[in-house]
Amino acid sequence: MILAAPRVRFAPSPTGYLHVGGGRTALFNWLFARKTGGTLVLRIEDTDAERSTETHTQVILDGLRWLGLSWDEGPIFQGAEVERHRRDAERLLAEGRAYRCFCTREELEAQRKAAGGDTYKYDGRCDRLPGAEVEARMARGMPSVLRFRMPQEDIAWEDAVHGRISFHGRDLDDMVILRSDRTPIYNMAVVSDDIAMRITHVIRGDDHISNTPKQIALYQALGASMPVFAHVPMILGTDGKKLSKRHGDTAVADYQDRGIVPAAMRNFLALMGWSPGEDREIMTEAEMISLFSLEAIQKKPAVFDTVKLEWMNGQYLSGMPTPELVAPVVRELERMQVHFGGPHLLPPYIEAVKSRSRTLLEMAHRVAVRLDSRYVEIDDKGRKLRAKMGDGYVASLKVAIETLRAIEEGDWNGETIFEKLKARAEGGGMKLGDLLQPIRVALTGSTVSEPVNELLAVVGKSSAMARLTRAAERSW
RNA sequence: GGCCCCAUCGUCUAACGGUCAGGACACCACUCUUUCACAGUGGUAAUACGGGUUCGAUUCCCGUUGGGGUCACCA
């Protein structure tokens, strides 16, 4: 028997940006497709004409591309398929699986109120209308929707991540499948499309669990075979609530702006609700693909921890070849309006700071500090050191200025600087650290940098001297 | 509220009946480093609770509690 290659889809609606949950769902679909040699279809669910925009579609496509996710078919726009959705819905009507409902929104609201609120389901009154009455109302031009008659039986499936999940038809509504303007409702469109696209595995967020029995009923009524469903856990904010604007950044693009690199974002997202086992965390794309499986997906929701994301990003940054970092750093420097005299001058600066930076923003800022003293600001660590050393701080700076001034411009390199400073410290009976740390603070405002001699070399003599003098005067 | 899902350190997670409950982030201490970071070593920290089943439960079953999702002519 020939097993057909899996076909999966990622189906965002273009009513907003690509948020991290959506990115993660897309990533899981992509990993599954690549792992199994299957096909990933991108489908834009734009049937809500009110809220869907072309801009959002573009933003979502950009987000997917940024994450490095490619699709094999599409983007297919659901809006282009409404004829088929309508045909399928009307076939259900013709075969007696759906019925026409003439109730207006106001009537439905009144029914809901009369029934006492929350648990109201449509009572099926229009399903009991005699055929002649339906004909008469149609003839009069009364607007109507199509409702699906929900089978009153157990509806269950074997979920690839949760195991067996079951609902009962009595808890489900006779849902509308075709609006009065003859456009399809979400569940109808999705099932019609997934059948037409021969989707074999539906991998989507947990929030769709309650849609699944409704969709299964449609598959059955349409006589189509069911795909495998895999419901992946939600991503929550640090307060345990569904990730939303309240939590700050929720869009994939927000992390791009914060200087996260795609490989780190992708790796981190993969670990939200999935684990390859064996304590593996940092993985190449190829490793992720070969280790991926639906069975290893977590059932419980995951809290999005940006601190760990930034740590992971730092790991990626340290491991990236400097030439690859030039373009992103240039982009940030331009945004900061720093004059850096050409990309070819950047590598030594990037080399100096890359293992100490967690984001591209941080990296660019550190580079800017080395290029231009206007970006130097003393931070808490710097202030603390200054306070701790007291008068010794300025005294050290003066010794440093005197020592460094004596070095010829032509000898201004890491080795010579180191030798001179070391000799001066030893000769003056001071601890080398007490001489060096104030230099670091004067030059960068912080106690964190590459070795001080290298820092001095990279900043250059004239700027270094100016910074030291200024720091001695204003005593930081 | 009805229905559904879920429950291991603060967070991400490992364990698929027998482990001193492991790893990572964060935090603390130490080591390395002339100084910073990286790195390394060590430490604090978890099986929500109550019943079963079993020689033995993080693991299987039931209940409680807690959390989440969803209940439109939105998707």
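Note that the structure is a prediction, hence the values are computed from the model and not measured.
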With a 4.0 Å cut-off on heavy atoms, is [X] in touch with a base, just the backbone sugar-phosphate, or nothing at all?
{"X": "Met312(A)", "answer": "nothing"}
{"X": "Phe268(A)", "answer": "nothing"}
{"X": "Val176(A)", "answer": "sugar-phosphate"}
{"X": "Ser318(A)", "answer": "nothing"}
{"X": "Glu45(A)", "answer": "sugar-phosphate"}
{"X": "Val145(A)", "answer": "base"}
{"X": "Asn211(A)", "answer": "base"}
{"X": "Tyr186(A)", "answer": "base"}
{"X": "Thr15(A)", "answer": "nothing"}
{"X": "Glu454(A)", "answer": "nothing"}
{"X": "Gly205(A)", "answer": "nothing"}
{"X": "Lys422(A)", "answer": "nothing"}
{"X": "Arg51(A)", "answer": "base"}
{"X": "Ser166(A)", "answer": "sugar-phosphate"}

| remark: Taking for Met272(A) and for Asp279(A) the nucleotide of RNA chain B with the nearest heavy atom, the one nearer the 5' end belongs to Met272(A)
| request: Please tell me which of Phe304(A) and Leu108(A) maps to the more 5' nucleotide of RNA chain B, matching each residue to the nucleotide holding its nearest heavy atom. | output: Phe304(A)
[N] [atom2] sits how many Å from [X] [atom1], rounded?
{"X": "Leu269(A)", "N": "rU13(B)", "atom1": "CG", "atom2": "P", "answer": "12 Å"}
{"X": "His231(A)", "N": "rC6(B)", "atom1": "NE2", "atom2": "C1'", "answer": "15 Å"}
{"X": "Glu278(A)", "N": "rG23(B)", "atom1": "CD", "atom2": "P", "answer": "15 Å"}
{"X": "Asp48(A)", "N": "rC73(B)", "atom1": "CG", "atom2": "P", "answer": "13 Å"}
{"X": "Asp305(A)", "N": "rU11(B)", "atom1": "CG", "atom2": "C1'", "answer": "5 Å"}
{"X": "Lys299(A)", "N": "rA7(B)", "atom1": "NZ", "atom2": "P", "answer": "6 Å"}
{"X": "Met188(A)", "N": "rA75(B)", "atom1": "CE", "atom2": "P", "answer": "13 Å"}
{"X": "Arg356(A)", "N": "rU35(B)", "atom1": "CZ", "atom2": "P", "answer": "14 Å"}

Does [X] make a side-chain N or O approach to OP1 or OP2 of [N] shorter than 4.0 Å?
{"X": "Arg179(A)", "N": "rA75(B)", "result": "yes"}
{"X": "Gln298(A)", "N": "rA14(B)", "result": "yes"}
{"X": "Arg358(A)", "N": "rA26(B)", "result": "yes"}
{"X": "Ser210(A)", "N": "rC71(B)", "result": "no"}
{"X": "Lys121(A)", "N": "rC3(B)", "result": "no"}
{"X": "His162(A)", "N": "rC6(B)", "result": "yes"}

Who pairs with [N] - Watson-Crick or G-U, where each distance is under 3.5 Å:
{"N": "rU53(B)", "result": "none"}
{"N": "rC27(B)", "result": "rG43(B)"}
{"N": "rU35(B)", "result": "none"}
{"N": "rA15(B)", "result": "none"}
{"N": "rG2(B)", "result": "rU70(B)"}

| remark: Of the candidates rU35(B), rC12(B), rC73(B), the side chain of Arg147(A) sits closest to rC73(B)
| note | Testing rU35(B), rA26(B), rA72(B) for proximity to the side chain of Arg112(A), the answer is rA72(B)
| field | Donor-acceptor pair between Ser180(A) and Arg105(A) side chains, under 3.5 angstrom | value | no
| request: Please assess Val41(A) against Trp71(A) for the test side chain to side chain contact (heavy atoms under 4.5 Å, CB included), listing each intermediate value before the final yes or no. | output: CA-CA 6 Å; Val41(A) 184; Trp71(A) 50 94; over 6 Å; no
| task | Please measure how far the P atom in rC30(B) lies from the corresponding atom in rG67(B), and state the result in whole Å. | result | 41 Å
| said: Measuring from atom OH of Tyr122(A) to atom CZ of Arg147(A), what distance do you get when rounded to the nearest 0.5 angstrom? | reply: 5.5 Å
| query | Is the closest basic N to carboxylate O distance between Lys422(A) and Glu419(A) below 4.0 Å? | reply | no
| Aromatic contact, Phe304(A) with Tyr255(A) (centres under 6.0 Å) | yes
| message | I'd like to know if Ser180(A) reaches the base of rC73(B) with its side chain, counting only an N/O donor and acceptor under 3.5 Å. | response | yes
| said: Can you say whether a donor on the side chain of Lys308(A) sits under 3.5 Å from an acceptor on the base of rA24(B), or the other way round? | reply: yes
